[in-house]
2 protein chains.
Amino acid sequence: MNKDSIYKNIRAQGGRITKVRGEIVQILCKADCLMPQADILACLKKQKMNPNRSTIFRELLFLTKNNILIKNNISGVDCYEIQQDHHHHLVCLNCNSIIKIEVGGHLAKQEKQIAKRNKFDIINHSLEFYGYCRNCQA
Amino acid sequence: MNKDSIYKNIRAQGGRITKVRGEIVQILCKADCLMPQADILACLKKQKMNPNRSTIFRELLFLTKNNILIKNNISGVDCYEIQQDHHHHLVCLNCNSIIKIEVGGHLAKQEKQIAKRNKFDIINHSLEFYGYCRNCQA
DNA sequence: ATATTTGCAAACGTTTTGCATAGTG
DNA sequence: CACTATGCAAAACGTTTGCAAATAT
């Protein structure tokens, strides 16, 4: 997903491309993985920007409501990433880094069966593997 | 898992069977599914008990450290259940009810592959399906 | 008697809201 | 101009800790 198509998408929905919003989109496009709000703020500061937490919160809410971002709570902290292909994550229990992975297609089939069997209307799912990343295996 | 074997387990590790602790174990045995601390407190109140939040917090911490409970954060809230067979959950986006489900064994195989491919030491995983339960499909 | 468990009060981190101001189209 | 986006302050919420009192073995 590139930022220009996202900007277009935002404008189409009546949103404006402001400095903060544009930068958040770019940061998440570049990161290409789940990030907590605190990390996003840290990146903004590197770009010499220092928006209020509530602003970032509302930006992330806005972008999530407009289906540009996906929100996923990891161990109690809300994390966000660009909405695109569905995938899963490896979460390091030591350094909290999050790595994006692809998991084979069995899950989609199983999801249908589970929905039917339990008469449950499944909207989405989250699958995270917790453990220790390459750097933290000591 | 029955409460008596759990009590034995607790005593074996030097823990005492107090009113609050005993009741929490019984509540979770009976519920047989993930419950947030707030719901556990509500159940305790029905039993005419009204322990402090910090007490429940420390009980859940104690029971989790002693491998009697499993802790799982669902949408930002810590939830607990009796440690037994590994399974997954359906989470209702409307009423927040949590339903326990069994998912076929493909995941175990995939987990090994993922660990190897990413040189990631996987300790556990969590798989939750979000959607609408039977009562909330309106 | 001693170590464990509990209550109370308060800190903490993150998420969320209200209102006034600034900025965008 | 009208509406959107932002900053500030503070509330809300769940989690966590310190210390003193109560309780289980």
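Nothing here was measured: the structure is a model prediction, and the numbers come from that model. Order of the sequence lines fixes the chain letters, A, B, ..., with proteins taken first and strands second; residue numbering starts at 1 for each chain.
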Touch class at under 4.0 angstrom, heavy-atom based, for Pro36(B) against every strand present: nothing

Gap between atoms CE and P, on Met49(A) and dA5(D) respectively (whole Å): 14 Å

Counterpart residues, salt bridge (Lys or Arg N to Asp or Glu O under 4.0 Å), relative to Lys71(B) (two or more places apart): Asp78(B)

side-chain contact (heavy atoms from CB on, under 4.5 Å) partners of Arg16(A), counting only residues at least two apart: Thr18(A)

Co-members of Leu107(B) in a cluster of I, L, V, M, F, W and Y side chains, linked at under 4.5 Å: Leu90(A), Ile99(A), Ile101(A), Val103(A), Leu107(A), Ile114(A), Phe120(A), Ile122(A), Leu127(A), Phe129(A), Leu90(B), Ile99(B), Ile101(B), Val103(B), Ile114(B), Phe120(B), Ile122(B), Leu127(B), Phe129(B)

Rounded distance (Å) that lies between atom C1' of dT17(C) and atom CD1 of Ile56(A): 17 Å

Lys100(A): partners by salt bridge (Lys or Arg N to Asp or Glu O under 4.0 Å), with sequence neighbours left out: Asp32(A)

Euclidean distance, atom CG of residue Leu41(A) to atom C1' of dT15(C) [Å, nearest integer]: 14 Å

Under 4.0 Å protein heavy-atom contacts per nucleotide of nucleotides 15-25 of chain D, with B for base, S for backbone only and - for none: SBBBB----BS

Pairs satisfying side chain to side chain donor-acceptor pair (under 3.5 Å), at least one member in residues 37-51 of chain B, at least two apart: none

Set of salt bridge (Lys or Arg N to Asp or Glu O under 4.0 Å) partners for Glu23(B), sequence neighbours left out: none

Distance, rounded to the nearest Å, where Phe62(A) contributes CZ and dT16(C) contributes C1': 18 Å

Rounded distance in Å - CD (Glu59(A)) to P (dT4(D)): 13 Å

In one Ile/Leu/Val/Met/Phe/Trp/Tyr side-chain cluster, 4.5 Å: Leu41(B), Phe57(B): no

Residues clustered with Ile123(B), ILVMFWY side-chain links under 4.5 angstrom: Leu34(A), Ile74(A), Val91(A), Leu93(A), Ile98(A), Tyr130(A), Tyr132(A)

End-to-end axis angle, where each axis spans five pairs of the helix from dA1(C)-dT25(D) to dG25(C)-dC1(D), to 10°: 30°

